[in-house]
Trainee: 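The structure's right below; bear with me while I get my questions together.
Below, chains carry the letters A, B, ... as their sequence lines are ordered, and counting in each starts from 1.
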Amino acid sequence: MTPKSGTVRLPLFWMHTDYKNTLNLPRTDFPMKAELVRREPERLRKWESSGLYRRAQAARAGAQKFVLHDGPPFANGDVHIGTALNKILKDFVVSYKRLRGFNAPYVPGWDCHGLPIEFKVAQELRKTGQEGIGPAALRSACRAYALKYIDVQRTQFKRLGVLGDWENPYLTLNKEYEAAELELFADLVEAGLVYRGKKPVYWSIPCRTALAEAEVEYKDHVSQSVYVKFPLVGRPGVSVVIWTTTPWTLPANLAVAYNSTFSYSLVRVGKEQFIVSARLLGQVAEKCGWEGYEMVRSLDGGHLQELEYQHPFCRRAGRFFAGDSFVDNATGTGFVHVAPGHGLEDYQLGLKNGLPIYSPVDDDGRFALTNDLPAEQQMPVELVGKPILEKNGRSEANEAVMELLRAKGALLRQEDYLHSYPHCWRSKTPIIFRAMDQWFIEIDHVPGPNAQAPAAEPAANSFRNRALAEIERVAWVPDWGKNRIQAAVSGRPDWCISRQRTWGVPIPAFFDRDGRPILDARIVRNAAGLVRSVGSNAWFEKTDAELWNLLKPADWAGAEAVRKSNDTLDVWIDSGSSSRAVIATREELRGEDQEPFHCQMYLEGSDQHRGWFQSSLLLSLAANGAAPFDTVLTHGFMVDEDRQKISKSRQGQGGYEKPQTSEAYIKKHGADVIRLWVASQDYRNDLLVSEKRIEKVGETYRILRNALRYQLSNLYDFDPARDMVAEDSLTPLDRWILDEYSKLEQAVIKAYDAFEFHVVYQKVSQFVAVELSAIYHDVVKDRLYTDPANSPRRRSTQTALHRLVNSLCKMLAPLLAFTADEAWELVPGNGGNSVHLVAWQPVEFAMAPDERATWSQMFELRGMALAELEKARQAKQVGKALEARAILRGTGPLVECARAHAESLRELLNVSQLEVASGKEGKPLFEVAKADGAKCARCWHWETDVGANAEHPTICGRCVEAVKASQNESRSTRAPDTP
RNA sequence: GGGUGCGUGGCAGAGCGGUCAAAUGCAGCGGACUUAUAAUCCGCCACAGCCGGGAAGCUGUCGAGGGUUCGAAUCCCUCCGCACCCGCCA
């Protein structure tokens, strides 16, 4: 080309650069690289220093409440990734509800009392030789320990982006909490639900305490199983044979159970005769080495109930009772030795038949005589003091019993027996069942004036049945959670609530001179008052007499106390009281006046059906009259690549190479990726955690981030107040994307409302990848970059982008707490405010049905054209679509549609030229050719008018206009720093 | 041992009575672009068998096997596997 005289001839690259500067190329401060690990903490500090949580709450003052009440994690150790999952899910819920206009406070809590801490602290004290410091000092050490870990965990939880009142959490060790808990307990006492009973409980010998079900774990164990002769009274030489895996319970044997549906055989072996179950006879004969035994006759339950047997080594006799529910024909002999003090079934059978609940074992797990039987009927003296606890797999008590049996000729057979057996979760030793005096909450309690001892048959209005009825009124998500809680409640025994531990809330009970317990609601309330003013340590610091004088009601007419109780409450009473101690107590959580203890949601792992869900339900029902929650949401557990559970207990036992702490993951990926990973999976099932998966979610994160970045970067010169285009003036393509978005928004809200975050994840990422990135963003680049900055078409698209980015930020805010906030700040017109303070009101964009129909035809055409373009590209005819000219031939509605919306379709195909050829009959077919004309140096379209303008010989007519407009603008209105 | 839940392509995960061998994303393979640039766009992509190769087509496979139904990934039963909860065999 020949430059006109007078024009300055520029090298080509100058020309290029020159036009490049006339384009509206994207610019933004929103970096492509997230650097979450480095930058999230900065945002966190900003949130904190600006009091974001407080401001979010203030922004919803007076709005309808949505209270998710936090289940308190145990204040011990680092935050485990599974605990992090729980907190993140809670934050999704709270954050979403807040976004939708609810007043959604979040008050985190910690469970502070209990054996694990006491154990750990005692261990440390022992190391430093301080074990004898006494209960009050031990409690102070436990308190310090708990507070230390609360601080550690608080930092780790905050790092996840969980917004809440972290400076004012609830702690079960606070005196206000303890006082409220005791007041609730007083209500239970007043209602007659609490009784002192002697019942077999799990007993940990090294820990010297009763254990809750939750504190027991099952492991394989080798027991000494024995076949023992129980000689019949009045039938010399005839014995029944029993089988047991716990020989040490034989001194406590008071009866033998049989199954009335079984047939029994009397057989002769040498000079002796034995009775065993007919079905098990072969097995037993083999075990006991009865060669050539002889059938004498068969017997049934009717015969057996007449009989009496002589205890093999104690001077007493026992009787036979039917125990059909637990005597089976699978193992043993068909006869079950019954020790009512050492087993639940034994206990029930004993209760039914008036046997003493005899448990001749002391707190140290040694044989001991008791007052339940005359001394001469109890075990021989040589057994007294023998320890049950095994050392190196041998229990002295077992050995001594077996020795005695051998000496009496009663031991038919002894062998190792491998089975799963309950162990103490702290000391890892086998637990024993041991009947002892404990406090219980009576589950089959019938309220009313005549309520007394445990009812034999649960009445319809029993506490258990009221609890079951209450379960019906709660929404369980997912719905199978209801089965779980029902099973837990209907199957549970009375609740043993006393613990022989120091680190807990004291049970304010006393004993009189005769050792009779005194538990009175008024005394408990007085104790609550004392705890409220000076803390629960007072119970351990003051003497028995001081306490009694302080707490005794003024008009006390009962027996005088001489001794205080040293038991503490089960920790499940602690956390289970939170509806009273937290929800009803804190202004921001408090429910309606009639039900101040009531909130909208509890959200925990599925193990809590037996745990906190149940204890909360039972305690609230008993003391408040109703369940504390509307909805209980449950999630599964984290499993690793091999689908093995990632458990806290495997941690530190060499189960993992890397620690499964929240920290470890956050340090590597940042919180938003972890949050997105949580969102990506259906929490109703197990959640798979592995590097691979998290990295995949990281990909999705990048796609989302990039889409936000694209939108922001094309809004740098957009002022919504000035440039916003009215909905009906938007270009068809912009209307299309807003309509698509509106559909997405509806679906996403539906998913959020159902707490199906993985559906949100799916839908959003699908929309962003397909509708936005691959279609809309790609097509619209041309308008944004090459149209005059202030042209209606560009402003229309910017209006759409502005709406999209605004709404996407809100939509993503619950999941990507950091990134959504980061993007939100940069959206023009948002004034740098936080996305966590705004309300999300979905805007419906309703396109007319015929407009929708047009677009569905347009996309059908696009599909056809893209296939042809791809062929042309494969054939090296064209490179990118802008080099192409698309020709549509044929007839029919599609062709008509193309003709009517030719320019929209051209854009949608991203080609330089589209021709809808006329006249030719037949199916619509696309043809692709090299575009006419030359490539415009500015917009890269191929146009026939390139070169037509002498001043701008390398660009097309449209660009000439755009360049002129941009020059005018930069001379007049534009600030110097804009292009 | 009992209860509950789950089991879809290499991975995640839609689908929950026909339009489904099955969306979408990721991974993989092959291209394009260099004005979203450590980005973006396009195409292909489950397995096995049948058919002379290829294309097209057919058949079977949504843990396995049965059943209900005109029709099943979707409903029912049994089994297997995984997870959670419970129980602990005296």
Trainee: So does Arg27(A) pair up with Asp717(A), basic N to acidic O under 4.0 Å?
Mentor: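 Answer for the salt bridge query: no.
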Trainee: Any carboxylate oxygen within less than 4.0 angstrom of a Lys/Arg side-chain nitrogen, looking at Glu943(A) and Arg958(A)?
Mentor: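 Salt bridge: no.
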Trainee: How is His337(A) classified with respect to the nucleic acid when contacts are heavy atoms under 4.0 Å: base, sugar-phosphate, or nothing?
Mentor: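 Sugar-phosphate contact only - His337(A) comes under 4.0 Å of backbone atoms but never of a base.
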Trainee: If the cut-off is 4.0 Å, is Arg709(A) near the phosphate of U37(B), judged by side-chain N/O to OP1 or OP2?
Mentor: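 Checking U37(B) against Arg709(A), a side-chain N or O does come within under 4.0 Å of OP1 or OP2.
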Trainee: Which nucleotide in the list U37(B), C33(B), A90(B) gets nearest to the side chain of Met32(A)?
Mentor: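 Comparing U37(B), C33(B), A90(B) against the side chain of Met32(A), the answer is U37(B).
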Trainee: Roughly how many Å is it from CD1 in Ile431(A) to C1' in G87(B), rounded to a whole number?
Mentor: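 Going from CD1 in Ile431(A) over to C1' in G87(B) covers 12 Å.
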Trainee: Using atom CZ of Arg610(A) as one end and atom C1' of U4(B) as the other, report the distance to the nearest whole Å.
Mentor: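 After rounding, the gap between these two atoms is 11 Å.
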Trainee: Where is the tightest heavy-atom contact between Gln486(A) and Leu468(A), given as atom of each residue plus distance?
Mentor: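 Nearest heavy atoms, Gln486(A) then Leu468(A): O-CD2, 4.0 Å.
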Trainee: Under 4.0 Å from OP1 or OP2 of G87(B): is there any side-chain N or O of Tyr421(A) that close?
Mentor: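 No, outside the criterion.
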Trainee: Check every strand shown and say whether Phe433(A) touches a base, only sugar-phosphate, or nothing at a heavy-atom separation below 4.0 Å.
Mentor: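 Counting heavy atoms under 4.0 Å across all strands, the contact made by Phe433(A) is with sugar-phosphate only.
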Trainee: Thinking salt bridges, do Arg783(A) and Glu907(A) make one under a 4.0 Å N-O criterion?
Mentor: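 Yes, this pair counts.
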Trainee: Under 4.0 Å, heavy atoms only, any strand: does His777(A) hit a base, just the sugar-phosphate, or nothing?
Mentor: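 Base: the residue His777(A), judged by heavy atoms under 4.0 Å, touches a nucleobase.
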Trainee: Polar atoms only, N or O, under 3.5 Å: list the protein pairs with nucleotides 24-30 of chain B and their distances.
Mentor:
unit_1, atom_1, unit_2, atom_2, d
U24(B), O4', Gln766(A), OE1, 3.3

Trainee: For Gln608(A) and Gly879(A), take the nucleotide of RNA chain B holding the closest heavy atom to each; which residue's nucleotide lies nearer the 5' end?
Mentor: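 Whichever sits nearer the 5' end wins; that is Gly879(A).
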Trainee: How is Arg702(A) classified with respect to the nucleic acid when contacts are heavy atoms under 4.0 Å: base, sugar-phosphate, or nothing?
Mentor: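 Touches nothing.
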Trainee: Write down the distance separating the P atoms in U69(B) and G81(B), rounded off to the nearest Å.
Mentor: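 Taking atom P in both U69(B) and G81(B), they lie 31 Å apart.
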Trainee: Which part of the nucleic acid, if any, lies within reach of Lys876(A) when heavy atoms closer than 4.0 Å are counted: base, sugar-phosphate only, or nothing?
Mentor: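 The residue Lys876(A) makes sugar-phosphate contact but no base contact.
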Trainee: With rounding to the closest Å, how many angstrom separate the C1' atoms on U8(B) and G15(B)?
Mentor: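 That atom pair is separated by 9 Å.
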Trainee: What interatomic distance, in whole Å, is found between C1' of G28(B) and the corresponding atom of G10(B)?
Mentor: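 Rounded to whole Å, the distance is 9 Å.
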Trainee: Round to the nearest Å and state the distance from Leu866(A) atom CG to C33(B) atom C1'.
Mentor: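 My rounded result for the distance is 15 Å.
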Trainee: For Asp607(A), report the nucleic acid contact type (base, sugar-phosphate, nothing); a contact means any heavy atom under 4.0 Å.
Mentor: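 Sugar-phosphate, backbone atoms only, no base.
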Trainee: Considering every strand and a 4.0 Å limit on heavy-atom distances, what is the contact class for Thr244(A): base, sugar-phosphate, or nothing?
Mentor: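 Contact class for Thr244(A): sugar-phosphate only.
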Trainee: With sugar-phosphate meaning primed atoms plus P, OP1 and OP2, does Ser773(A) contact a base, only sugar-phosphate, or nothing at under 4.0 Å between heavy atoms?
Mentor: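 If one applies the 4.0 Å heavy-atom cut-off, Ser773(A) turns out to touch a base.
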Trainee: What interatomic distance, in whole Å, is found between P of C84(B) and the corresponding atom of U78(B)?
Mentor: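 Nearest-Å result for U78(B) against C84(B) at atom P: 24 Å.
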Trainee: Heavy atoms from C-beta onward define the side chain here; which of G3(B), A14(B), C89(B) lies closest to that of Arg484(A)?
Mentor: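 Of the candidates, G3(B) comes closest.
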Trainee: Side chain of Lys33(A) only, heavy atoms from C-beta on: which candidate in A38(B), A39(B), A90(B) is closest?
Mentor: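 Looking only at heavy atoms from C-beta outward on Lys33(A), the closest nucleotide is A38(B).
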Trainee: Please state how far atom CH2 in Trp476(A) lies from atom C1' in G5(B), giving the value in whole angstrom units.
Mentor: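 Atom CH2 in Trp476(A) sits about 16 Å away from atom C1' in G5(B).
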Trainee: Taking any heavy-atom pair under 4.0 Å as a contact, classify Lys781(A): base, sugar-phosphate, or nothing.
Mentor: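 Base: the residue Lys781(A), judged by heavy atoms under 4.0 Å, touches a nucleobase.
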Trainee: Tyr202(A) side chain: which of G87(B), C41(B), A38(B) is closest?
Mentor: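 Selected nucleotide (nearest to the side chain): G87(B).
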Trainee: Going by ring pair (Phe, Tyr, Trp, His ring centres under 6.0 Å), name the residues that satisfy it together with Tyr258(A), two or more places apart in sequence or in a different chain.
Mentor: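 For Tyr258(A), no residue satisfies ring pair (Phe, Tyr, Trp, His ring centres under 6.0 Å) once neighbours in sequence are set aside.
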Trainee: Taking CG from Asp682(A) and C1' from G5(B), how many angstroms apart are they, rounded to a whole number?
Mentor: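 Computing the Asp682(A):CG to G5(B):C1' distance gives 11 Å.
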Trainee: Classify Gly636(A) by what it touches in the nucleic acid, base, sugar-phosphate, or nothing, heavy-atom distance under 4.0 Å.
Mentor: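 The answer is nothing, as Gly636(A) stays clear of every strand by at least 4.0 Å.
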Trainee: Who are the ring pair (Phe, Tyr, Trp, His ring centres under 6.0 Å) partners of Tyr264(A), not counting sequence neighbours?
Mentor: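 Tyr264(A) satisfies ring pair (Phe, Tyr, Trp, His ring centres under 6.0 Å) with Phe335(A) once adjacent residues are dropped.
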Trainee: Measure from the side-chain heavy atoms of Lys935(A) and tell me the nearest of A36(B), U34(B), C84(B).
Mentor: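 Ranking A36(B), U34(B), C84(B) by closest atom to the Lys935(A) side chain puts U34(B) first.
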Trainee: Of the nucleotides C89(B), C33(B), U40(B), which one has an atom closest to the side chain of Glu883(A)?
Mentor: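 The answer is C33(B).
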Trainee: Can you name the salt bridge (charged side-chain N to carboxylate O under 4.0 Å, His left out) partners of Glu345(A), sequence neighbours left out?
Mentor: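 Expected list: none.
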Trainee: Starting the side chain at C-beta, find the nucleotide from G13(B), G87(B), A90(B) nearest to Gln681(A).
Mentor: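 Looking only at heavy atoms from C-beta outward on Gln681(A), the closest nucleotide is G13(B).
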Trainee: In whole angstrom, give me the gap between the P atoms of G65(B) and C80(B).
Mentor: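 One P to the other, the span is 15 Å.
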Trainee: Look up atom NZ in Lys287(A) and atom OG in Ser225(A), then write down how far apart they are to the nearest 0.5 Å.
Mentor: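 Those atoms lie 7.0 Å apart.
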Trainee: Expressed in angstrom and rounded to an integer, what is the separation of Lys880(A) atom NZ from C41(B) atom C1'?
Mentor: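 Distance, rounded to whole Å: 10 Å.
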Trainee: Looking only at atom C1', what distance separates G5(B) and G63(B), rounded to whole Å?
Mentor: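 After rounding to an integer number of Å, I get 15 Å for this pair.
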Trainee: Can you list everything that forms a ring pair (Phe, Tyr, Trp, His ring centres under 6.0 Å) with Tyr741(A)? Sequence neighbours excluded, please.
Mentor: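 Tyr741(A) satisfies ring pair (Phe, Tyr, Trp, His ring centres under 6.0 Å) with Phe767(A) only.
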Trainee: Tell me which of Gly332(A) and Tyr710(A) sits closer to the 5' end of RNA chain B, going by the nucleotide each one is nearest to.
Mentor: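 With Gly332(A) and Tyr710(A) compared, the 5'-side residue is Tyr710(A).
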Trainee: Using the C1' atom on both, measure G3(B) against C16(B) and round to a whole Å.
Mentor: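 That atom pair is separated by 25 Å.
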Trainee: Once side-chain hydrogen bond (donor to acceptor under 3.5 Å, both in side chains) is applied, what residue pairs with a partner in residues 697-706 of chain A remain, sequence neighbours excluded?
Mentor: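 Only Glu699(A)-Arg702(A), Thr700(A)-Tyr761(A), Tyr701(A)-Arg705(A), Tyr701(A)-Thr819(A), Arg705(A)-Glu822(A) qualify under side-chain hydrogen bond (donor to acceptor under 3.5 Å, both in side chains).
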Trainee: Which nucleotide in the set U35(B), G5(B), C33(B) lies at the smallest distance from any side-chain heavy atom of Leu25(A)?
Mentor: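 For Leu25(A), the side-chain atoms sit closest to U35(B).
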Trainee: Using whole Å, report how far CG of Asn910(A) lies from P of G43(B).
Mentor: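 Nearest whole value for this atom pair: 13 Å.
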Trainee: Considering only the C1' atoms, how many Å lie between A32(B) and C82(B), rounded to the nearest integer?
Mentor: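 Here A32(B) and C82(B) have their C1' atoms 45 Å from each other.
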Trainee: What integer distance in Å separates Leu708(A):CG from A39(B):P?
Mentor: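 Answer to the nearest Å: 16 Å.
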